[in-house]
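These numbers come from the heavy atoms of this one structure, side chains and all, not from hydrogens, waters or symmetry mates. Letters A, B, ... mirror the listed sequences (proteins, then strands); counts begin at 1.
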There are 4 protein chains.
Amino acid sequence: MGIRGYAGEELLRILSRHPDAELTALSSRVEERVHISCLFPWTTGIVDLYCEDYTTERISNLADIVFLALPHKVSMEIAPQILRYKKKIIDLSADFRLKDLTQYEKYYEKHKSPELVKKAVYGLPEIYKEQIAKAEFIANPGCYPTGVLLGLAPAIKNKLLDTNRNIIIDSKSGVTGAGRNLKEEFLFSEVNENFRAYKVNSHQHIPEIEQELSYLAGSSVSVVFVPHLIPMNRGILSTIYIPLKKDVDAFTLRSLYREFYKNKPFVRIREVPNYPKTSDVSETNFCDISISFDHAKNLAIVITVIDNLVKGAAGQAIQNMNIMFGLDEKKGLL
Amino acid sequence: MGIRGYAGEELLRILSRHPDAELTALSSRVEERVHISCLFPWTTGIVDLYCEDYTTERISNLADIVFLALPHKVSMEIAPQILRYKKKIIDLSADFRLKDLTQYEKYYEKHKSPELVKKAVYGLPEIYKEQIAKAEFIANPGCYPTGVLLGLAPAIKNKLLDTNRNIIIDSKSGVTGAGRNLKEEFLFSEVNENFRAYKVNSHQHIPEIEQELSYLAGSSVSVVFVPHLIPMNRGILSTIYIPLKKDVDAFTLRSLYREFYKNKPFVRIREVPNYPKTSDVSETNFCDISISFDHAKNLAIVITVIDNLVKGAAGQAIQNMNIMFGLDEKKGLL
Amino acid sequence: MGIRGYAGEELLRILSRHPDAELTALSSRVEERVHISCLFPWTTGIVDLYCEDYTTERISNLADIVFLALPHKVSMEIAPQILRYKKKIIDLSADFRLKDLTQYEKYYEKHKSPELVKKAVYGLPEIYKEQIAKAEFIANPGCYPTGVLLGLAPAIKNKLLDTNRNIIIDSKSGVTGAGRNLKEEFLFSEVNENFRAYKVNSHQHIPEIEQELSYLAGSSVSVVFVPHLIPMNRGILSTIYIPLKKDVDAFTLRSLYREFYKNKPFVRIREVPNYPKTSDVSETNFCDISISFDHAKNLAIVITVIDNLVKGAAGQAIQNMNIMFGLDEKKGLL
Amino acid sequence: MGIRGYAGEELLRILSRHPDAELTALSSRVEERVHISCLFPWTTGIVDLYCEDYTTERISNLADIVFLALPHKVSMEIAPQILRYKKKIIDLSADFRLKDLTQYEKYYEKHKSPELVKKAVYGLPEIYKEQIAKAEFIANPGCYPTGVLLGLAPAIKNKLLDTNRNIIIDSKSGVTGAGRNLKEEFLFSEVNENFRAYKVNSHQHIPEIEQELSYLAGSSVSVVFVPHLIPMNRGILSTIYIPLKKDVDAFTLRSLYREFYKNKPFVRIREVPNYPKTSDVSETNFCDISISFDHAKNLAIVITVIDNLVKGAAGQAIQNMNIMFGLDEKKGLL
């Protein structure tokens with residue numbers, strides 16, 4: 001549901017090539033039933049389905065799993081209806097990611113399905129694979145949090161952090177991250193040949209990052225987070241400055257990262273100075289990570305890149321789907 | 001008036017540097033009076049004026065000349081009011097360019113000031129400089145017609161055309177040509193890494209091109225015109241295929257072009273194969289032209305480039321203003 | 001062989017996902033054996049091969065088919081050596097496309113394997129599928145000719161052309177078409193925010209286009225061809241102006257195009273005014289075509305789009321490979 | 001001298017419009033004398049000079065001031081020769097910026113004019129205007145240091161820094177910053193739709209930044225600095241994370257910044273959340289600055305933008321020239 005946004009379109013692209021998935025119904029708020037090739041000409045000869053404004057009942061009858069690529073605040077109305085029909089859900093919106101509803105309400109509005117929030121499993125497979133395998137309902141992570149959490153998890157989990165200094169996360173995203181959003185600021189001529197920061201240290205993904213880091217740390221973790229807009233379509237690069245305890249050295253740190261990700265097929269540790277570029281992961285489900293080290297300052301500089309529409313949205317959703325149905329998590333994603 | 005569009009903003013940029021012009025009033029449909037630096041941060045410290053939704057009476061009292069950078073169909077309501085106050089006007093819209101109102105009405109709607117259409121001088125200074133010098137009311141040419149007409153005028157005027165074959169004009173424009181237009185098709189992620197044709201042989205600039213070519217030829221001229229959208233901000237390149245009479249050779253043709261433009265400071269004839277690039281004229285009022293020749297086919301291939309916001313809009317308007325006030329036409333434009 | 005160019009890299013990308021092909025050897029003029037992930041970080045975890053400067057003997061022992069993504073003029077030295085080992089070849093260079101060696105020598109240099117030129121089958125499957133199925137040696141079409149020929153073939157084959165007027169081909173290409181070519185003119189800051197024509201009516205692809213059109217027509221066909229450079233990575237859009245005989249109407253023309261391509265899975269006819277955009281075919285092997293019609297001038301305006309690295313190079317090569325090995329031609333390409 | 005690089009070309013662009021400057025000689029390592037319009041077509045009709053490989057003697061006879069836009073390591077050979085002829089110099093290279101030659105030699109090579117290093121005045125007019133007014137020889141600041149120093153100077157000078165935590169500078173630059181450098185990594189198709197970090201915490205501008213911050217602080221200051229490459233031509237945005245002493249509040253901090261820059265015409269303090277965009281200063285000599293504040297963490301997040309070719313190179317050089325010759329520092333720059 002919500003096929004017309006960039007995440008919905010990307011789900012369509014990946015699922016149309018997935019050997020073990022069959023697309024059965026495409027839903028969007030269209031005025032009348034329309035062939036998908038009219039909305040997306042690239043699907044001609046690839047996907048032969050009509051797009052309709054399905055009721056949750058009809059869509060639940062047509063599918064084993066429903067992807068919600070809906071705007072935030074809409075998912076929380078739709079999800080409970082589908083769960084009632086005993087269908088699996090992967091929700092790509094932010095509606096069920098935050099366990100602390102006061103945080104949700106601070107950035108969005110009053111939550112309409114508070115009882116369901118606890119049921120939703122946070123779908124970051126590199127950390128929650130076991131829970132995902134048993135879940136009926138996945139809250140798919142945000143694009144920024146995905147790259148940021150994968151860059152911080154090994155350091156936080158291993159308690160390497162110097163808590164007297166700040167974790168500083170400087171992220172840069174391509175423009176599809178803003179969605180198909182009709183605002184003047186996202187017109188081509190406004191974005192092209194331009195670079196800017198936005199929502200400086202006040203972005204709605206901050207509580208999601210802090211929630212997950214706090215779980216990993218076993219204690220409250222707070223971050224500084226500044227997102228920026230890059231004049232390109234796809235890709236997020238996060239430069240993460242991690243203050244470390246005195247006794248941590250580069251070799252130990254890199255070994256811990258390699259260990260943490262050794263059976264995670266979509267995380268690749270890169271050798272410095274072969275820093276990851278966003279193009280290295282473009283249209284893939286990979287997250288590439290490099291770890292630099294400032295010995296004099298006991299500081300790690302971790303760089304992570306993802307494709308915001310794939311590992312940051314649709315690809316990760318399908319990785320979760322694979323895990324939920326007992327398939328190889330790489331299926332349809334390589 | 002109409003300062004918020006790209007043409008209005010470019011007028012502001014050029015006029016703020018013009019040694020003999022003083023900006024006195026900025027008008028736009030703002031809800032309330034707002035300092036121009038709030039709309040365009042780049043003007044901070046450069047232009048110290050407020051933008052208001054002025055009445056035509058107030059604006060006429062404040063200025064000797066009024067630039068109308070309004071949407072098509074609005075200008076034809078505003079222009080007669082300002083002329084009543086005996087103020088000069090340069091209208092950047094399409095409302096007063098077409099002398100044949102049936103053509104206007106085919107592409108736009110019923111004209112509201114038909115009697116004024118005859119009064120407006122078509123503001124292409126390379127052809128109509130004398131008339132512009134005496135005019136009170138200028139219809140500033142469209143962006144595509146400017147580059148196209150400058151590429152065709154010498155050949156048409158000198159009657160070199162083989163009228164059994166077609167004049168084919170293949171134009172490509174940067175995205176500011178579409179204005180600050182909130183449509184999905186102009187979002188960054190839709191335009192970037194994409195190239196497309198639009199309004200194939202049906203663009204509203206066709207009658208403007210044909211009107212002016214017919215005046216030059218002294219007989220009816222018809223063209224094939226296909227515009228395309230380039231993923232960049234500024235610039236139009238037109239590739240014009242001109243079928244020639246049998247006895248025209250390359251040397252004669254190039255000489256006629258040089259002769260035609262010899263006292264025109266903003267037209268530069270380029271030597272083949274040093275074809276003009278849009279970047280050669282970016283943020284300038286120049287039109288650069290190259291003339292290639294296919295001897296076997298008696299065909300000229302003329303390439304012209306302009307900056308659509310400068311020579312294709314605001315710069316040409318200021319060139320016209322200079323001429324209307326007896327200033328050097330280059331003033332403020334080099 | 002020649003894995004380091006853009007076409008070689010794209011072959012690698014597509015073959016690594018092809019269910020019935022196995023990559024066995026990667027060759028390039030590297031100084032020493034190097035893992036492919038050092039050249040292309042995106043291949044990490046996807047392709048586990050080393051790249052070497054293989055001899056033709058070793059490479060022939062390792063593979064059933066060899067792709068040559070070598071610079072023009074190098075292929076004609078390498079191809080005969082591999083054919084001696086009875087291995088199939090798909091050559092992506094221009095070396096074996098032109099049957100008329102005087103044309104080849106006009107744009108390149110004296111041919112070193114003239115006897116082999118006749119043996120090579122021109123690998124445009126929409127026209128030569130039967131010959132490709134039996135071929136050992138394919139000359140893969142150039143990027144511009146692919147889109148241009150597919151746009152012209154039905155009209156030419158059906159003898160609809162008014163031969164008193166010119167076929168005018170105005171093509172626009174993304175920058176990967178220039179290859180990984182270290183020239184100042186291809187630096188980012190030179191290309192970005194810029195648009196230009198080049199090799200106006202003198203591009204080396206003209207004889208290739210004219211050769212194939214002449215075969216289709218059964219008589220000599222000549223064209224006007226002007227290529228342009230778009231500030232984007234991938235995609236070619238060709239706007240083709242086809243003068244038609246008097247009695248051809250739009251309905252007949254479109255029907256003939258649909259008929260011509262009815263069993264060709266990679267050609268999609270688009271309905272006007274839903275003109276094809278390069279993004280509709282990006283990273284796919286499709287060629288999308290629209291047909292506009294100027295009744296008054298008996299002129300068709302055909303627009304075709306391809307991805308220059310896929311249908312214009314590596315994808316078409318793999319389509320040819322599929323046909324040569326009796327596989328479904330779509331295999332690995334959807 | 002060194003007119004062919006991006007900084008040289010930008011000097012030409014600005015000086016050709018400067019009311020009180022006359023261009024008298026253009027030098028570059030050309031094989032033979034060539035008109036500047038052959039190198040830069042945009043100069044046709046604007047600059048009528050030939051470019052030659054001048055000796056320092058000839059150039060010194062032709063000019064009152066010589067701009068050196070030469071590669072690093074070349075300036076240090078040329079500068080002493082010109083000074084011998086008693087001509088003023090503004091050197092845009094890095095050769096005379098670092099007072100500590102061990103730092104210079106760490107990033108470049110052994111210095112060839114060590115005695116001259118002390119003579120050169122660091123040309124950041126917002127800090128050294130008085131010294132510049134009396135100088136004969138200016139070391140024009142680097143592009144990154146310009147934006148970074150202007151963002152840090154008021155905080156450092158007023159001793160607001162918490163020295164137990166790190167100053168973290170995350171900078172992003174357009175590609176002209178790399179110069180007209182023929183490397184594969186700067187080809188259009190490599191940079192476009194891509195974003196990457198480079199020289200992570202090891203860039204040659206670090207000692208320049210630390211030298212100037214240490215002067216301002218009166219004690220040694222060290223920074224973390226990570227530069228990134230944006231797929232666009234012009235502009236640098238630096239996001240600077242400044243740890244503050246406990247008692248500093250937002251109001252005080254912003255007041256100090258306003259005070260520091262109150263008579264500096266090219267620095268504009270912006271109101272949060274109206275963060276500066278690179279397009280706000282594109283093709284201008286401005287540096288726009290916003291100051292955000294994280295109260296809980298006693299951290300300021302300062303964002304600065306400049307045009308790397310103007311305030312980061314040619315524009316600042318001309319601002320310095322104006323000051324050296326007793327002109328208004330804004331002359332030719334608004």
Side-chain angles (χ1 to χ4, degrees), chain B residues 162 164-174 185 189-202 222-241 243 272-273 275-280 282 290-294 296-299 301-303 305, chain C residues 162 164-174 185 189-202 222-241 243 272-273 275-280 282 290-294 296-299 301-303 305:
Chain B
D162 170 6
N164 292 317
R165 292 180 287 161
N166 314 117
I167 299 173
I168 287 174
I169 304 163
D170 191 292
S171 291
K172 302 89 178 170
S173 175
E185 61 186 304
S189 306
E190 302 297 313
V191 172
N192 186 42
E193 276 296 290
N194 198 2
F195 186 85
R196 61 180 174 97
Y198 67 102
K199 296 186 183 173
V200 172
N201 211 19
S202 59
S222 150
V223 301
V224 176
F225 176 68
V226 181
H228 304 74
L229 196 68
I230 319 170
M232 64 183 202
N233 289 358
R234 284 166 177 256
I236 291 177
L237 184 146
S238 295
T239 314
I240 311 173
Y241 302 87
V272 169
Y275 308 112
K277 311 185 290 291
T278 61
S279 64
D280 294 337
S282 190
S290 72
I291 303 138
S292 300
F293 207 83
D294 185 322
K297 301 192 179 69
N298 286 99
L299 187 86
I301 304 171
V302 170
I303 295 174
V305 294
Chain C
D162 170 6
N164 291 317
R165 292 181 287 161
N166 313 118
I167 298 173
I168 288 175
I169 304 163
D170 191 290
S171 291
K172 302 87 177 172
S173 175
E185 61 185 306
S189 305
E190 301 298 313
V191 172
N192 186 42
E193 276 296 290
N194 198 1
F195 186 85
R196 63 181 172 97
Y198 66 102
K199 295 185 183 174
V200 172
N201 211 19
S202 59
S222 150
V223 300
V224 175
F225 176 69
V226 180
H228 304 75
L229 196 68
I230 317 170
M232 65 184 201
N233 288 358
R234 284 166 177 256
I236 291 177
L237 184 147
S238 294
T239 313
I240 311 174
Y241 302 86
V272 168
Y275 309 111
K277 311 184 290 292
T278 61
S279 64
D280 295 337
S282 190
S290 72
I291 303 137
S292 301
F293 207 82
D294 185 322
K297 302 193 178 69
N298 285 100
L299 187 85
I301 304 172
V302 170
I303 296 175
V305 293

Less than 4.5 Å to any heavy atom of chain C: does that hold for the side chain of [X], its backbone, both, or neither?
| X | result |
| --- | --- |
| B:Pro273 | neither |
| B:Asn164 | backbone |
| B:Tyr275 | side chain |
| B:Leu229 | neither |
| B:Val191 | neither |
| B:Ser290 | neither |

When B:Ile168, B:Ile303, B:Asp280 are compared by non-hydrogen pairs under 4.5 Å with chain C, the top option: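 Looking at each option in turn, the highest pair count goes to B:Ile168.
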Among B:Ile236, B:Asn233, B:Asn201, which residue has the highest count of heavy-atom pairs closer than 4.5 Å to chain C?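 The answer is B:Asn233.
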Should C:Glu190 and C:Glu185 count as side-chain neighbours, where that means a heavy-atom distance under 4.5 Å?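 SC-SC contact between C:Glu190 and C:Glu185 ruled out.
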Side chains of C:Val272 and B:Val200: does their closest heavy-atom pair fall under 4.5 Å?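 No. Closest side-chain heavy atoms not under 4.5 Å.
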For [X] against [Y], the heavy-atom pair lying closest together:
| X | Y | answer |
| --- | --- | --- |
| B:Asp294 | B:Lys297 | OD1-N, 3.1 Å |
| B:Phe195 | C:Met232 | CB-CE, 3.8 Å |
| C:Arg234 | C:Ser282 | CD-OG, 4.3 Å |

Qualifying residues under side chain to side chain donor-acceptor pair (under 3.5 Å), relative to C:Glu193, sequence neighbours excluded: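 In terms of side chain to side chain donor-acceptor pair (under 3.5 Å), with neighbours along the sequence ignored, C:Glu193 is linked to A:Asn192.
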What part of C:Leu299 lies closer than 4.5 angstrom to a heavy atom of chain B: side chain, backbone, both or neither?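 Looking at C:Leu299, just its side chain touches chain B.
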Yes or no on side chain to side chain contact (heavy atoms under 4.5 Å, CB included) for C:Lys172 and B:Asp170, after CA distance, side-chain angles and deciding distance? CA-CA 11 Å; C:Lys172 302 87 177 172; B:Asp170 191 292; 3.1 Å; yes
